[in-house]
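One structure follows; several queries about it will come next.
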Amino acid sequence: MYELHFGVPMAGAVLCTLNIGYDSTMVAVLLKHSEAEVFIVDYQFLHIAQGALNILSETSSKLPHLILIPEYNQEVPTSRKTSSTFAYLEYDGLLQMGSLDFEIRRPEDEWEPIYMLSSSFASP
């Protein structure tokens, strides 16, 4: 998670961390409101993420790409790489797709957002 706080803004995206106490319904609301394109989830919360994506799939919302951070040194069983509806990519796989000559995108000024507080637009 630490490296995401730097990597997401360096890619020109906006980071929005979510409270681990949120349920699938609240996560679905926040994903829809923030128009998230990528949803990075720790393996411990995969069931909540899948529940949120199930809720979003019943709406006209575009579903974000699901990236899973597995437990350190633990292989995620192949049978779990897809849920009934949603495929996901492991975080290390995402990093391997990166380019070594990636050009860092820096904010143009102090008004350009790099972070969104989830509590600023919804409460549990």
Side-chain angles (χ1 to χ4, degrees):
M1 187 66 179
Y2 179 76
E3 64 192 38
L4 291 172
H5 280 85
F6 295 97
V8 170
M10 288 169 60
V14 177
L15 182 68
C16 179
T17 57
L18 302 179
N19 185 314
I20 62 170
Y22 291 159
D23 62 9
S24 294
T25 303
M26 178 55 74
V27 171
V29 168
L30 296 172
L31 288 172
K32 183 175 182 175
H33 183 78
S34 67
E35 298 177 359
E37 294 181 26
V38 178
F39 185 24
I40 302 173
V41 179
D42 185 277
Y43 76 97
Q44 297 177 70
F45 304 104
L46 181 58
H47 64 286
I48 293 172
Q50 289 175 325
L53 293 175
N54 279 326
I55 292 167
L56 282 178
S57 70
E58 296 172 0
T59 69
S60 60
S61 300
K62 183 179 178 194
L63 297 179
H65 298 283
L66 182 59
I67 308 297
L68 178 68
I69 301 174
E71 185 173 8
Y72 179 74
N73 264 351
Q74 296 289 325
E75 186 81 22
V76 176
T78 306
S79 61
R80 294 190 59 200
K81 292 206 177 187
T82 59
S83 67
S84 57
T85 314
F86 312 105
Y88 58 82
L89 177 64
E90 287 185 31
Y91 182 68
D92 288 339
L94 176 68
L95 294 180
Q96 289 173 0
M97 294 168 51
S99 172
L100 293 176
D101 61 347
F102 171 76
E103 186 174 328
I104 296 173
R105 184 185 178 283
R106 300 187 189 285
E108 293 179 18
D109 59 39
E110 68 272 9
W111 294 104
E112 189 172 351
I114 62 169
Y115 186 80
M116 178 188 303
L117 293 174
S118 61
S119 61
S120 66
F121 52 85
S123 61

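The chain is numbered in sequence order, starting from 1.
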Review point. Does Tyr22 belong to the same Ile/Leu/Val/Met/Phe/Trp/Tyr cluster as Ile48, with side-chain heavy atoms less than 4.5 Å apart forming each link?
Key: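 Yes, Tyr22 and Ile48 fall within the same hydrophobic cluster.
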Practice item. Identify whether Leu63 and Val27 are in the same connected component of the hydrophobic contact network (ILVMFWY, side-chain heavy atoms under 4.5 Å). Key: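 Yes; tracing contacts between hydrophobic side chains, which count when under 4.5 Å, links both residues.
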Review point. Atom CD1 in Ile114, atom CZ in Arg106: separation rounded to 0.5 Å?
Key: 11.5 Å
Check your understanding: Take atom CD in Glu108; do more than 12 heavy atoms of anything else shown fall under 6.0 Å from it?
Key ->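 For Glu108, atom CD is not crowded (no more than 12 foreign heavy atoms under 6.0 Å).
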Check your understanding: Between Glu90 and Pro70, what is the shortest heavy-atom contact and its length?
Key -> OE1-CG, 3.6 Å
Exercise for review: For Arg105 and Gly12, work out which heavy atoms get closest and say how close.
Suggested key: CD-CA, 3.4 Å
**Study point:** His5, NE2 atom: more than 12 neighbouring heavy atoms under 6.0 Å
**Key:**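 Yes, NE2 of His5 has more than 12 neighbouring heavy atoms, counting only those of other groups under 6.0 Å.
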Point to revise | For Leu66, the option from Leu89, Leu53, Val38 that meets side-chain contact (heavy atoms from CB on, under 4.5 Å) | key: Leu53
**Study point:** More than 12 heavy atoms of other groups within 6.0 Å of Glu37 CD
**Key:** no
Practice item. Assess whether side chain to side chain contact (heavy atoms under 4.5 Å, CB included) is satisfied between Leu56 and Phe39, documenting all intermediate values. Key: CA-CA 13 Å; Leu56 282 178; Phe39 185 24; over 6 Å; no
**Study point:** Value rounded to 0.5 Å, distance of NE2 in His47 from OG in Ser24
**Key:** 7.0 Å
Practice item. Could you give me the CA-CA distance, side-chain angles and deciding distance for Ile20 and Phe45, then say whether side chain to side chain contact (heavy atoms under 4.5 Å, CB included) is met? Key: CA-CA 8 Å; Ile20 62 170; Phe45 304 104; 3.8 Å; yes
**Study point:** Distance in Å, Ile55 CD1 paired with Asp23 CG, rounded so as to fall on 0.5 Å steps
**Key:**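 Nearest 0.5 Å value for the CD1-CG distance: 7.5 Å.
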Practice item. May I have the step-by-step check of side chain to side chain contact (heavy atoms under 4.5 Å, CB included) for Tyr115 and Thr17, ending in yes or no? Key: CA-CA 8 Å; Tyr115 186 80; Thr17 57; 2.8 Å; yes
**Study point:** Shortest non-hydrogen separation from Tyr91 to Ile67 and the atoms involved
**Key:**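 Taking Tyr91 first and Ile67 second, the nearest heavy atoms are CA-CG2, 3.7 Å.
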Point to revise | Connected via hydrophobic side-chain network under 4.5 Å: Val8 and Met97 | key: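 Yes, same cluster.
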Check your understanding: Are Met10 and Leu15 in one and the same hydrophobic cluster, where Ile, Leu, Val, Met, Phe, Trp and Tyr link if side-chain heavy atoms are under 4.5 Å apart?
Key ->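 Not linked; separate clusters.
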Exercise for review: Check Pro64 against Ala36 and note the closest heavy-atom contact, atom names and distance.
Suggested key: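 Taking every non-hydrogen atom into account, CB-O, 3.4 Å.
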Check your understanding: Hey, does the side chain of Asn54 reach the backbone of Ser57 with a donor-acceptor pair shorter than 3.5 angstrom?
Key -> no
**Study point:** Euclidean distance, Gln44 CD relative to Glu71 CD, rounded to 0.5 Å
**Key:**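 Reported value, rounded in 0.5 Å steps: 7.5 Å.
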Review point. If you look at every heavy atom in Met116 and Ser34, which pair is closest and at what distance?
Key: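 So the two residues come closest at SD-CB, 3.9 Å.
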Review point. Does Val14 share a hydrophobic cluster with Ile104, counting links as ILVMFWY side-chain heavy atoms below 4.5 Å and allowing steps through other members?
Key: no
